[in-house]
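Throughout, protein chains are lettered first and strands after them, A, B, ... in sequence-line order, and every chain is numbered starting at 1.
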There are 2 protein chains.
Amino acid sequence: MARHKVSIVDIAKKAGVSITTVSRVLNGKAEQYRISKKSQNKIRETARKLNYIPNQFAAGLKSGKSNTIALIIPSLSNPFFAEIASEINAEVRNRGYITIIGDSDEDRQIENEELLQMRSRNIEGLLIAPTGQNGSILKQLNDQGLPVVCIDRYFEELDIPYVSTDNYQGAVMATQHLLEYGHKRIACIQGKQDSVPNKRRIEGFKDAMKEAGIEPFSITGNDFSEQNGYKETKLILHKRQRPTAIFALSTTIALGCIKAMREENVAIPDDISLITFDDHPFLDYLATPLTCISQPTRDICRMAIKHLFFKLENKEIGEKQVLLKPELKYRKSVRNLL
Amino acid sequence: MARHKVSIVDIAKKAGVSITTVSRVLNGKAEQYRISKKSQNKIRETARKLNYIPNQFAAGLKSGKSNTIALIIPSLSNPFFAEIASEINAEVRNRGYITIIGDSDEDRQIENEELLQMRSRNIEGLLIAPTGQNGSILKQLNDQGLPVVCIDRYFEELDIPYVSTDNYQGAVMATQHLLEYGHKRIACIQGKQDSVPNKRRIEGFKDAMKEAGIEPFSITGNDFSEQNGYKETKLILHKRQRPTAIFALSTTIALGCIKAMREENVAIPDDISLITFDDHPFLDYLATPLTCISQPTRDICRMAIKHLFFKLENKEIGEKQVLLKPELKYRKSVRNLL
DNA sequence: AAAATTAGAACAAACGTTTGCGCTAAATAT
DNA sequence: ATATTTAGCGCAAACGTTTGTTCTAATTTT
């Protein structure tokens with residue numbers, strides 16, 4: 001067993017050519033540099049025989065290229081982001097690049113470290129659903145020529161491209177649906193407060209309520225997690241007056257709501273209605289199929305990728321900041337009070 | 001804006017020391033090489049000022065280290081594997097390494113390419129839930145000194161460490177539960193046929209049935225996907241005689257079952273009972289809470305990581321191939337026929 | 001006062017590629 | 001027969017680090 005890692009030098013020696021020639025053949029530049037078929041075959045064959053594995057470190061160091069895109073998301077354990085990761089991964093691979101995924105765990109510090117890690121790995125592009133606090137770093141990266149595209153989360157005040165859902169619109173749709181069905185006491189349980197999607201959803205909720213001339217029952221919570229949904233729902237249910245509907249800002253939160261309501265013997269939608277942001281394959285098969293605002297996740301990913309590669313290839317880009325329309329999926333969790 | 005990427009050479013010049021010294025300070029080897037506090041401070045400060053980002057390509061090339069662990073799974077869109085990815089990612093990060101994730105999409109060819117990619121990125125360890133056809137390659141890697149640990153899926157005939165669930169036992173538990181409740185016509189819908197977990201589950205199912213002296217109603221399917229579960233359930237429901245229970249070998253499959261049964265107006269568990277492998281937060285809140293065999297995913301990940309790092313650090317390892325006990329979670333989807 | 005030790009740091013050779021440029025021999029044009 | 005082009009390939013200098021070895025001046029020991 002050869003203990004020594006084989007390099008193109010070994011191939012060159014064995015094939016009786018220069019390392020230059022080996023490099024060119026193995027990089028598909030044989031035609032360009034008119035290497036004879038004979039040499040090509042010889043080289044490719046010895047490479048195979050020797051079990052050659054190119055060393056990206058060396059190649060990357062010299063060429064400055066890495067063929068790598070970074071994806072940083074707040075939480076791989078959130079199905080919404082898991083789906084994004086899956087999509088992005090596939091798309092990127094299709095274009096001959098590979099993805100390295102970072103999970104920031106919603107933590108500014110971790111996100112920052114991931115960012116450093118990624119940069120030191122010479123990534124050529126960055127897709128990120130930012131936690132929200134490292135905006136200036138991202139802006140700087142983008143300005144320095146690293147193509148950055150934000151996904152889902154973004155910065156309104158910074159000139160960084162993004163692709164997301166029209167969260168405001170989505171929240172308005174959800175709220176209006178509730179209002180149309182006669183709900184007046186509507187509690188909203190939110191996720192990460194300083195994330196843009198959350199802010200816009202809250203705005204949409206508030207505006208829709210205001211337009212109807214109704215005060216929100218409550219707006220609480222601070223995390224896109226089941227625990228948060230559970231805790232806030234418990235608190236809500238223990239108030240002297242209960243809402244007639246709850247608007248959860250993610251399926252993870254909604255899951256917590258359902259859990260709390262079941263514990264407290266609150267029926268959905270008979271006692272309290274529930275509507276959520278984000279869709280999920282299971283929602284249709286819950287005890288009460290959950291009405292939701294569905295985000296066009298696939299399209300978001302595709303557009304973001306398209307955007308990114310346009311920048312990588314220096315093509316002209318149209319709209320830099322795009323918001324895609326969400327969709328209201330009517331299921332059974334909202335009761336008509338009229 | 002400095003167009004030129006700053007290197008330790010720049011720092012050395014500006015700080016008035018050699019690049020050796022810079023390298024040593026920035027790598028935390030200052031004490032070891034007794035660099036004065038003064039130089040240390042100077043170096044660290046100029047590094048910060050110049051916005052220095054280490055170049056992993058260069059460092060890796062020279063040192064041969066990458067601080068990188070690869071994780072290859074069959075499908076990021078399967079919640080079971082998404083959870084694994086999330087766990088692994090966190091654990092690896094805690095140990096100062098970073099994870100690069102590959103999604104093989106259950107495809108032997110893609111898996112192979114991912115493997116090559118990973119190797120050319122000089123990974124120091126590999127965690128993989130293999131598709132099943134690249135065993136010899138993995139064996140070879142492992143023999144060549146790259147620590148490899150299989151997760152969930154593994155190879156029985158090869159001497160590669162693995163951590164998984166006792167799938168046989170799990171299937172036996174599920175089947176016996178069904179049998180104890182008086183079910184005799186039991187259909188099993190399986191996932192990827194040549195994956196070890198699937199094989200062992202099928203074995204467990206068959207053995208438990210045989211022990212009860214009952215023939216399986218049917219064993220069909222070939223993919224851990226919703227589509228597969230849906231299709232096979234549809235087929236089953238159109239047979240002249242229906243089973244009294246279905247054993248789905250994953251939640252994704254179960255989801256397809258539920259969909260098909262709903263379409264055909266089959267009530268769970270009144271008309272047909274359903275039990276599944278794998279747990280999921282939503283299972284408790286489905287129209288019929290789904291009884292399942294829950295895998296100790298967290299423990300699997302932890303043990304796999306522990307194993308991997310033991311090998312990395314050349315520590316002595318105890319058991320190389322471990323199967324963890326699954327757990328039967330009683331919910332409401334199995335009807336007692338007695 | 002000479003010898004030995006120690007603190008603090010620098011030299012320079014790798015690591016495995018990529019790539020601009022240059023070279024030779026053969027083929028073709030003049 | 002000479003000049004030009006072309007086919008086919010190699011030289012050697014990077015890329016930005018890490019690291020074994022060496023060096024000098026200062027300090028301590030004898």
Side-chain angles (χ1 to χ4, degrees), chain A residues 2-44 46-47 50-68 116-117 119-122 124, chain B residues 2-44 46-47 50-68 119-122 124:
Chain A
R3 271 272 54 88
H4 153 83
K5 275 200 181 178
V6 344
S7 73
I8 56 171
V9 177
D10 302 304
I11 300 180
K13 273 187 196 144
K14 193 149 186 195
V17 295
S18 75
I19 59 174
T20 305
T21 306
V22 175
S23 170
R24 285 181 172 143
V25 168
L26 263 26
N27 282 315
K29 297 183 182 168
E31 300 314 317
Q32 185 183 341
Y33 287 95
R34 29 181 200 214
I35 313 292
S36 67
K37 284 282 173 226
K38 200 175 148 198
S39 295
Q40 288 189 41
N41 291 336
K42 181 92 184 164
I43 289 169
R44 273 191 253 274
T46 40
L50 295 182
N51 236 308
Y52 170 68
I53 300 280
N55 185 329
Q56 279 245 13
F57 284 168
L61 174 59
K62 186 71 208 356
S63 69
K65 311 225 72 203
S66 66
N67 286 321
T68 304
L116 285 174
Q117 266 287 350
R119 289 181 66 188
S120 90
R121 276 162 199 269
N122 297 64
E124 289 171 38
Chain B
R3 271 273 54 90
H4 152 85
K5 276 199 180 177
V6 344
S7 73
I8 57 172
V9 177
D10 303 305
I11 300 180
K13 275 188 194 142
K14 194 150 186 192
V17 294
S18 75
I19 59 173
T20 303
T21 306
V22 175
S23 170
R24 286 183 171 141
V25 168
L26 262 25
N27 281 314
K29 298 184 181 168
E31 299 314 318
Q32 184 183 341
Y33 288 95
R34 29 180 202 216
I35 312 292
S36 67
K37 284 281 174 230
K38 200 174 147 198
S39 296
Q40 288 188 42
N41 292 334
K42 182 91 184 164
I43 288 168
R44 275 191 251 273
T46 40
L50 294 183
N51 236 307
Y52 170 69
I53 301 281
N55 184 331
Q56 279 246 14
F57 283 169
L61 174 58
K62 186 73 211 354
S63 69
K65 311 225 73 204
S66 66
N67 286 321
T68 305
R119 290 180 67 187
S120 90
R121 276 160 199 270
N122 297 63
E124 289 171 37

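Remark: A:Lys37 engages A:Glu31 in a salt bridge, criterion side-chain N to carboxylate O under 4.0 Å.
Within 4.0 Å (heavy atoms only), A:Thr20 reaches at least one base atom of the nucleic acid. Among the protein residues, B:Ser23 comes within range of the nucleic acid bases, having at least one heavy atom under 4.0 Å from a base atom.
Between A:Leu50 and A:Lys14, some side-chain heavy-atom pair lies under the 4.5 Å cut-off. Annotation: side chain of A:Asn122 is not in contact with side chain of A:Thr68 (no heavy-atom distance under 4.5 Å).
When A:Val22, A:Val17, A:Val25 are each tested for a side-chain contact (heavy atoms from CB on, under 4.5 Å) with A:Ile35, only one passes: A:Val25.
Among all heavy-atom pairs drawn from B:Tyr52 and B:Ile8, the shortest one is OH-CG2, 3.3 Å. When every heavy atom of B:Arg44 is checked against every heavy atom of B:Leu26, the shortest pair comes out as CG-CD1, 4.5 Å. Contact record, B:Arg121 with A:Ser66: NH2-O, 3.3 Å, taken as the closest heavy-atom pair.
With a heavy-atom cut-off of 4.0 Å to chain A, the contacted part of DNA chain C has its first and last nucleotide at C:dG16 to C:dC21.
The separation between B:Lys65 atom NZ and D:dT18 atom P is 13 Å, rounded to whole Å.
Between the axis at the start and the axis at the end of the helix from C:dA1-D:dT30 to C:dT30-D:dA1 there is an angle of 50°, using five pairs per end and rounding to 10 degrees.
For A:Ala59, there are no side-chain contact (heavy atoms from CB on, under 4.5 Å) partners, not counting sequence neighbours. For B:Ser7, the side-chain contact (heavy atoms from CB on, under 4.5 Å) partners at least two apart in sequence or on another chain are B:Val9, B:Asp10.
The stretch residues 26-43 of chain B touches DNA chain D through B:Asn27, B:Lys29, each having a heavy atom under 4.0 angstrom from the strand.
With the nearest nucleotide of DNA chain C identified for both B:Leu61 and B:Gly16, B:Gly16 has the one nearer the 5' end. For B:Tyr52 and A:Val22, each mapped to the nucleotide of DNA chain D holding its nearest heavy atom, the one lying further toward the 5' end belongs to A:Val22.
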Taking N or O atoms only and anything under 3.5 Å, show me the protein contacts with nucleotides 24-27 of chain D, one pair per line.
none

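Remark: the backbone N or O of A:Lys42 is paired with a side-chain donor or acceptor of A:Thr46 at under 3.5 angstrom. No donor-acceptor pair under 3.5 Å is formed between the side chain of B:Gln56 and the backbone N or O of A:Ser120. The backbone N or O of B:Phe57 sits less than 3.5 Å from a side-chain atom of B:Asn55, completing a donor-acceptor pair.
Side-chain proximity of A:Thr21 to the nucleotides D:dT18, D:dG20, D:dG10 is greatest for D:dG10.
Between the side chains of B:Ser23 and B:Thr20, no donor-acceptor pair of N or O atoms lies under 3.5 Å.
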